[in-house]
Each structure stands twice: as C-alpha cells, then as structure tokens.
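Okay, so here's the structure we're looking at.
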Amino acid sequence: EDEAARDLYIASCPCDGRNLQFIVNRQPGDAFNDQVFNGSLSKQTVLLKGPTGDFLLHEESTAAAVFLASGPGFAPIKSLLEQAINTDTAGGLHLIQHNCYPMDSFLDKLCRAWNDSLENFLYTVISESGDLKSLIELLAASIAGDSKVDIYVAGPSNWLSMLLDAARSAGLKAQDWRCLAID
C-alpha cells in the first residue's frame with residue numbers, strides 16, 4: 001500500500017458524481033499532504049475506492065434537518081447538506097459548525113452564502129472548543145416545537161461520545177440521531 005494513501009470523506013453532493021470534492025487540511029511532513037499541497041499529486045494517477053458506509057441523508061423525509069459538524073466532520077456533513085439543498089424536501093435546514101473552519105475561510109463564506117440565499121436555511125457557528133453545554137442548548141432549541149427533526153452529526157469519536165452523553169443527560173433522544181465518528 002502506498003504511504004500516501006488516505007481515507008477521506010466526500011464533501012460534495014452525491015447528485016454530482018462526476019465532480020468529487022474532498023477537504024484536506026494542511027499537515028506539513030505528512031506524505032499525502034505533501035503531495036496534495038506541492039502539486040505532485042495532480043501529475044499522478046489517483047485510485048479512488050468507495051464510497052463506503054451508511055452515513056446517508058434520509059431523502060424521503062420532509063422533517064426539518066439539523067446538521068452538526070465538528071472538526072473533520074465538516075466534509076461528510078457538507079455532502080449531506082448539499083444533497084438536502086438539492087432535493088429540497090426538508091422542512092428546514094440548520095447547520096451548526098463547531099470548531100471546523102475559521103471565520104472568513106472559504107468554507108465559512110460558502111455556509112454564509114447559503115444562509116443569505118436560502119429561505120429555509122440557518123447557519124450557526126460555535127467556536128468555544130470545550131463548551132458542550134452551549135451546543136446541547138442550541139440543539140434542544142433547534143428541536144423544540146417540532147414533532148420530528150432529523151439530526152446528522154459528524155466529528156471526532158471522543159467529541160461525539162461526549163456530545164451523545166451530554167445530549168442523553170439533557171433528555172434529548174440521541175439514539176435517533178445519525179452519527180459518524182471520525183478517528
């Protein structure tokens with residue numbers, strides 16, 4: 001196996017199978033990152049395998065949907081969110097970004113553009129790294145009043161475990177959430 005091989009999450013809408021997007025963060029000294037950022041990867045044949053897994057959008061649902069991304073969980077959340085925007089069946093879309101990308105980054109600007117241009121879209125950023133209480137309160141407020149809300153959560157496995165424990169302690173039905181733990 002090539003030392004530059006990497007598992008990545010697709011960040012583009014499944015509706016556009018010809019143009020795949022991946023989010024790769026700079027990590028100097030990493031063989032894969034070095035090839036991506038020095039341009040040598042663009043001169044090579046790239047072998048893709050996948051996609052795999054079951055972190056999928058519930059397309060036929062008309063319920064409101066809340067998407068919560070932390071750190072590297074933004075890529076798969078972005079994919080599901082773009083699919084939800086494309087299918088336009090959800091009762092409303094709320095993206096909560098927790099410790100993903102800095103304000104004014106390209107991805108933050110993309111989310112803000114969705115917030116400004118889509119009437120059923122809300123974008124919220126929580127930047128406090130350890131503040132799960134604020135996150136749980138925001139999730140509870142997003143769910144309040146709706147009989148059914150689809151919740152999609154992706155982030156580092158230790159963060160996800162703490163979030164789910166905090167949600168259960170707050171009385172939220174976290175067992176119904178679609179979750180993706182990223183190591």
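Hydrogens, waters and symmetry mates play no part in the numbers below; they use all other heavy atoms, side chains included. As the structure is a prediction and not an experimental result, all values here were calculated from the model.
- With rounding to the nearest 0.5 Å, the separation of NZ in K148 from NE2 in H58 is 6.0 Å.
- Put simply, the side chain of F74 reaches to within 4.5 Å of the side chain of L95, judged on heavy atoms.
- A distance of 5.5 Å separates OH of Y123 from CZ of R112, quoted to the nearest 0.5 Å.
- The aromatic rings of Y152 and F67 sit parallel to each other, their planes meeting at less than 30°, with 60° as the upper class boundary.
- In terms of modelled atom types and a separation under 3.5 Å, the side chain of T87 and the main chain of A84 share a donor-acceptor contact.
- A 4.5 Å side-chain heavy-atom check between W159 and V153 finds at least one atom pair inside the cut-off.
- With a 4.5 Å cut-off on side-chain heavy atoms, P156 and D183 do not count as touching.
- Separation of atoms CD (E59) and CG (N86) is listed at 8.5 Å; rounding is to 0.5 Å.
- In this structure, I136 and L163 have side chains that are in contact, with non-hydrogen atoms separated by less than 4.5 Å.
- Side-chain contact check for L172 versus W177: some heavy-atom pair is nearer than 4.5 Å.
- When side chains are defined from C-beta on, L81 does not count as touching L57, because their heavy atoms never get closer than 4.5 Å.
- Here N115 contributes atom CG and K109 contributes atom NZ; the two are 15.5 Å apart, rounded to the nearest 0.5 Å.
- The same ILVMFWY cluster, assembled from side-chain heavy atoms under 4.5 Å apart, contains both L164 and M162.
- Taking CD1 of I126 as the reference point, atom CG of L138 lies at 4.5 Å (rounded to 0.5 Å).
- Nearest heavy atom pair, residue A174 against residue R168, reads CB-CG, 4.1 Å.
- Counting only distance, with no hydrogens or angles, the side chain of S161 and the backbone of S157 share no donor-acceptor pair below 3.5 Å.
- To the nearest 0.5 angstrom, L139 atom CG is 11.0 Å from S134 atom OG.
- Contact of the I77 side chain with the L68 side chain is not registered, since no non-hydrogen atoms from C-beta on lie closer than 4.5 Å.
- By the criterion of side-chain heavy atoms lying less than 4.5 angstrom apart, applied directly or through intervening Ile, Leu, Val, Met, Phe, Trp or Tyr residues, I182 is grouped together with L80 in one hydrophobic cluster.
- Taking 4.5 Å as the limit, some side-chain heavy atom of D108 sits within range of a side-chain heavy atom of V125.
- The nearest pair of heavy atoms linking A90 to N120 is O-ND2, 3.7 Å.
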